[in-house]
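Here's the structure we're looking at; comments come further down.
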Amino acid sequence: MASVADMFDVTWEEMRDKLRKWRDENNRNSEQIVDVGEELINDYASKLGDDIWIIYEQVMIAALDLSRDNLAMQCLHELRKQFPGSHRVKRLTGMRFESLERYDDANKMYDGILQEDPTNTAARKRKIAILKALGKTTEAIRELNEYLEQFVGDQEAWHELAELYINEHDYAKAAFCLEELMMTNPHNHLYCQHYAEVKYTQGGLENLEISRKYFSQALKLNNRNMRALFGLYMSASHTASNPKANAKIKKDNMRYATWAALQINKAYQPLLTIALESYLGPWHIALCSCHGVFLATRLRQHGQGSFPCW
């Protein structure tokens with residue numbers, strides 16, 4: 001089989017830099033990491049200097065994702081020789097036990113780490129991950145809450161707790177977790193979008209209006225977020241049709257929904273045209289275009305304002 005360097009005409013330095021870029025961006029594209037990393041550690045280990053150790057760790061985690069236990073053990077063996085007694089290497093050993101579903105052995109490894117270093121957050125998170133893997137969601141939620149009492153600024157933990165609450169259909173507590181995330185990072189459009197989705201799921205006029213506002217905020221932060229645009233349309237439409245809404249709220253939300261529908265149509269029209277041309281031909285496209293203009297005109301008759309943020 002041809003090597004990665006030969007197939008793509010790249011040097012070992014470029015392969016090393018690609019792995020570094022994936023690490024910096026926190027990309028877990030395991031297949032590509034294994035393809036590039038395995039060749040690096042087998043053929044160019046002597047040229048990598050101190051970079052070899054972080055590459056061993058990166059390749060090992062990717063190998064575990066792909067059930068490549070032989071490659072994972074190769075990397076782990078080299079790390080153990082270089083860093084005997086390291087908590088980081090012990091955690092990797094525990095992760096290998098997890099991949100083999102040897103959860104008791106993994107827990108013993110993490111407990112040993114925590115006895116020596118009670119502040120080791122990575123080991124505590126791995127123990128919570130084991131509870132989640134075993135389907136013990138209630139225990140995982142309890143442990144994660146205890147963890148966050150000590151490490152309140154851990155955004156990853158807040159997000160994981162929100163997901164666990166959503167899986168348990170406890171949307172009020174999930175919303176609280178996402179509010180914590182938005183407080184620490186108010187410019188993250190995905191947090192705003194996720195919070196809006198939770199409020200939309202809760203339902204009720206008040207939650208729908210909150211949902212619409214946060215979908216709008218997500219769009220303000222990233223105007224290419226199509227999921228937020230669809231969410232704005234759905235929340236505004238349901239608010240406008242809510243029997244508890246007064247006339248002004250209904251009118252305003254109809255305008256928001258109309259605006260969102262037009263933006264969705266505008267975004268997808270080129271793709272729709274290409275798809276229709278391939279199936280129907282240009283004559284039918286002309287008819288569809290005329291019909292689309294008629295629909296857009298009818299939508300504008302309901303009122304089209306500028307982009308609503310609040």
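Scanning for ring pair (Phe, Tyr, Trp, His ring centres under 6.0 Å) contacts around Phe97 gives an empty result, with sequence neighbours left out. When the side chain to side chain contact (heavy atoms under 4.5 Å, CB included) test is applied to Ala133, the partners found at least two apart in sequence or on another chain are Tyr103. Annotation: ring pair (Phe, Tyr, Trp, His ring centres under 6.0 Å) contacts of Phe83 (sequence neighbours excluded): Trp53. Among residues two or more places apart in sequence or in another chain, the side chain to side chain contact (heavy atoms under 4.5 Å, CB included) test is passed with Ser99 by Leu64, Arg96. Contacts of Asn167 classified as side chain to side chain contact (heavy atoms under 4.5 Å, CB included), with partners at least two apart in sequence or in another chain: none. Annotation: side-chain hydrogen bond (donor to acceptor under 3.5 Å, both in side chains) contacts of His187 (sequence neighbours excluded): none. With sequence neighbours left out, the side chain to side chain contact (heavy atoms under 4.5 Å, CB included) criterion links Lys248 to Asn246, Asp252. Listed by chain and number, the residues in a ring pair (Phe, Tyr, Trp, His ring centres under 6.0 Å) with His87 amount to none (sequence neighbours excluded). Taking the side-chain hydrogen bond (donor to acceptor under 3.5 Å, both in side chains) definition, one finds that Gln58 meets it with Arg23, sequence neighbours left out.
Distance check: Glu78 CD to Met73 CE gives 11.0 Å after rounding to the nearest 0.5 Å. Atoms CE and CD1, on Met15 and Ile55 in that order, are 9.5 Å from each other to the nearest 0.5 Å. Rounded to the nearest 0.5 Å, atoms OG (Ser86) and CZ (Arg80) are 11.5 Å apart. Interatomic distance, Thr239 OG1 to Glu209 CD, rounded to the nearest 0.5 Å: 6.0 Å. The NE2 atom of His238 sits 13.5 Å away from the CG atom of Asn207 when rounded to the nearest 0.5 Å. A distance of 15.0 Å separates NZ of Lys108 from CD1 of Ile113, quoted to the nearest 0.5 Å.
Here Glu206 does not pair with Lys244 in a salt bridge; the nearest charged N to carboxylate O distance is not below 4.0 Å. By the 4.0 Å N-to-carboxylate-O rule, Glu13 lies too far from Lys47 to be salt-bridged with it. A salt bridge between Arg88 and Glu57 is present, with a side-chain N of the basic residue lying under 4.0 Å from a carboxylate O of the acidic one. With salt bridges taken as basic N to acidic carboxylate O contacts below 4.0 Å, one links Glu38 and Arg68. Salt bridge present: Arg20 and Asp17 bring a charged side-chain N and a carboxylate O closer than 4.0 Å. Glu160 has no carboxylate O lying under 4.0 Å from a charged side-chain N of Lys125, or vice versa, which leaves the two without a salt bridge.
Side-chain atoms of Gln202 and Lys199 form a donor-acceptor pair, as typed in the model, at a separation below 3.5 Å. Counted by atom type alone, Gln32 and Asp35 present zero donor-acceptor pairs between their side chains at under 3.5 Å. With no hydrogens or angles considered, a side-chain donor-acceptor pair links Gln74 and Asn42 at under 3.5 Å.
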Name each donor-acceptor pair under 3.5 Å that joins a side chain in residues 178-185 to protein atoms two or more places apart or in another chain, with its distance.
residue, atom, partner, partner atom, Å
Glu179, OE2, Tyr195, OH, 2.8
Thr184, OG1, Glu180, O, 3.4
Thr184, OG1, Leu181, O, 2.8

For residues 134-148, tabulate all N or O donor-acceptor pairs below 3.5 Å that involve a side-chain atom, not counting sequence neighbours.
residue, atom, partner, partner atom, Å
Asn145, ND2, Ile141, O, 3.0
Asn145, ND2, Tyr165, OH, 3.1
Tyr147, OH, Asp154, OD2, 2.5

Please tabulate, for side-chain N and O atoms in residues 227-237, each donor-acceptor pair with protein atoms closer than 3.5 Å (sequence neighbours left out).
residue, atom, partner, partner atom, Å
Arg227, NE, Glu197, OE2, 2.3
Arg227, NH2, Glu197, OE2, 3.4
Ser235, OG, Gly231, O, 2.8
Ser235, OG, Leu232, O, 3.2
Ser237, OG, Tyr233, O, 2.7

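Cluster annotation: Leu48 and Ile61 are assigned to the same hydrophobic cluster (Ile/Leu/Val/Met/Phe/Trp/Tyr, side-chain heavy-atom contacts under 4.5 Å, transitive). Hydrophobic clustering (ILVMFWY, side-chain heavy atoms < 4.5 Å, transitive): Leu161 and Leu190 are in distinct clusters. Residues Leu205 and Tyr256 do not share a hydrophobic cluster, defined by chaining ILVMFWY side chains whose heavy atoms lie under 4.5 Å apart. A single hydrophobic cluster is not seen to contain both Ile130 and Leu100; linkage of ILVMFWY side chains at heavy-atom distances under 4.5 Å, directly or through other members, places them apart. The hydrophobic clustering, which links ILVMFWY residues whose side-chain heavy atoms are closer than 4.5 Å, places Ile166 and Leu131 apart.
Side-chain N or O atoms of Trp158 include one that pairs as donor or acceptor with a backbone N or O of Val152 at under 3.5 Å. Without hydrogens or angle criteria, Thr93 side chain to Val89 main chain gives a donor-acceptor distance under 3.5 Å. Although no hydrogens or angles enter the test, the distance criterion places no donor-acceptor pair under 3.5 Å between the side chain of Asn265 and the main chain of Ala261. Side-chain N or O atoms of Glu14 include one that pairs as donor or acceptor with a backbone N or O of Thr11 at under 3.5 Å. Counting only distance, with no hydrogens or angles, the side chain of Asn188 and the backbone of Tyr191 share a donor-acceptor pair below 3.5 Å.
The side-chain contact (heavy atoms from CB on, under 4.5 Å) test with Met60 singles out one residue from Leu71, Leu92, Ile41, and that residue is Leu92.
The minimum heavy-atom distance linking Tyr44 with Glu39 is given by the pair CD1-O, 3.8 Å. Residue Arg91 comes nearest to Ala122 through the heavy atom pair CD-CB, 3.4 Å, listed as atom of the first residue, atom of the second, then distance. Residues Val59 and Gly37 approach most closely at CG2-CA, 3.6 Å, considering heavy atoms. Shown here for Arg124 and Phe151, the closest heavy-atom pair between the two residues is NH1-CE1, 3.9 Å. Ala106 and Glu98 make their closest contact through CB-CG, 3.9 Å (heavy atoms, listed as atom of the first residue, atom of the second, distance). Looking at every heavy atom in both residues, Ser30 comes nearest to Leu66 through O-CD1, 3.8 Å.
By the 6.0 Å contact criterion, CD on Glu25 is enclosed, its count of non-hydrogen atoms from other residues, nucleotides or ligands being greater than 12. The number of heavy-atom neighbours closer than 6.0 Å to CD of Glu101, taken from other residues, nucleotides and ligands shown, is 12 or below. A 6.0 Å sphere centred on CG of Asn70 holds more than 12 heavy atoms belonging to other residues, nucleotides or ligands. In Gln82, the CD atom is crowded: over 12 heavy atoms of neighbouring residues, nucleotides or ligands sit closer than 6.0 Å. For Lys250, the NZ atom counts as densely surrounded, since its 6.0 Å shell holds more than 12 non-hydrogen atoms of other residues, nucleotides or ligands.
In this structure, the ring of Tyr214 has its center no less than 6.0 angstrom from the ring center of His194.
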I would like to know whether Lys90 and Glu116 meet salt bridge (Lys or Arg N to Asp or Glu O under 4.0 Å); could you show each step before the answer?
CA-CA 12 Å; Lys90 288 180 180 179; Glu116 297 174 12; 3.6 Å; yes
